[in-house]
Amino acid sequence: MVGSKDTGINDGLAGQGDLASRIAMRAPSAPAPAAPETIHRVDGPIESTRAHRGRPLMIGADEPPPARPMRIGLEEVSIPATREAPAIGEMDLVVTPLATPDDWHHFELALRRVPGVGALRIEYYRAGILKLRLQWTGPQRFAHAVANVPGYRVGILGEDRSTVQIRVVRA
């Protein structure tokens, strides 16, 4: 080559490759993080990604059913498998309206103070209606005795040989 001096400097640079590493700068090892995804607003039910037979999966849907129906606060209530007529000396009492389990508990405590009322058992409590089966040993008709439950105004709705239906209001 005419008119050029070959100093060998350019040859050394060309062989090195990355200039950033030669001047003590680190080359980026990983790509820059991507911008976060935009959040889409949903004004309604969120579609489930785990659809089951065309319907969204409900909470607890994959759990086995309980051995018996659960009732909150009514552990002592038993539902008889077969309905039997009251035995001799027993009466059925159907009471309404008792809006909460607390109401029927207060009524049950008051009923226990009526003379002649023996052991009693709750048959069911549902929709404000309480059904009790109790031992009755009083001298008068059960309907007359139950009309005097302390702390309650009692109205007799119906009566037959072994069942009395009443309406109660706290006095």
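Scope of the values below: all heavy atoms of this structure, side chains included, with no hydrogens, waters or symmetry mates.
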Which residues pass the salt bridge (Lys or Arg N to Asp or Glu O under 4.0 Å) test with Asp103, sequence neighbours left out? none

Are Trp104 and Leu109 connected into the same hydrophobic cluster when the rule is that any two of I, L, V, M, F, W, Y join if their side-chain heavy atoms are below 4.5 Å apart? no

Considering all heavy atoms, the nearest Ala143-Ile156 contact: O-CD1, 3.6 Å

So how far is it from Phe107 CZ to Asp102 CG, rounded to the nearest 0.5 Å? 14.5 Å

According to side-chain hydrogen bond (donor to acceptor under 3.5 Å, both in side chains), does anything in residues 155-165 pair up with another residue at least two apart or in another chain? List the pairs. Arg141-Glu159

Non-hydrogen side-chain atoms of Val114 and Pro150 separated by less than 4.5 Å: yes

Output all residues satisfying side-chain contact (heavy atoms from CB on, under 4.5 Å) with Ala147, sequence neighbours left out; order by chain, then residue number. none

Would you call Leu157 and Thr96 a side-chain contact if the rule is heavy atoms closer than 4.5 Å? yes

Looking at CH2 of Trp136 and CG of Asp92, how far apart are the two atoms once the value is rounded to the nearest 0.5 Å? 14.5 Å

Could you give the distance from CZ (Arg133) to CD (Glu84), rounded to the nearest 0.5 Å? 7.0 Å

Test of understanding: with side-chain contact (heavy atoms from CB on, under 4.5 Å), list the residues that count as partners of Pro139, not counting sequence neighbours. none

Partners passing side-chain hydrogen bond (donor to acceptor under 3.5 Å, both in side chains) against Arg112 (at least two apart in sequence or in another chain): Glu108

Measure the CD1-NZ distance between Ile122 and Lys131 for me, rounded to the nearest 0.5 Å. 12.5 Å

With side chains defined as the heavy atoms from C-beta onward, is the minimum distance between Ile166 and Val146 less than 4.5 Å? yes

Sort and list the pairs that fulfil side-chain hydrogen bond (donor to acceptor under 3.5 Å, both in side chains) and have at least one residue in residues 147-156, not counting sequence neighbours. none

Provide the closest heavy-atom pair for Phe142 versus Val117 in the form atom of the first, atom of the second, distance. CE1-CG2, 4.5 Å

Quick one: does Leu111's side chain get under 4.5 Å of Val95's, heavy atoms only? no

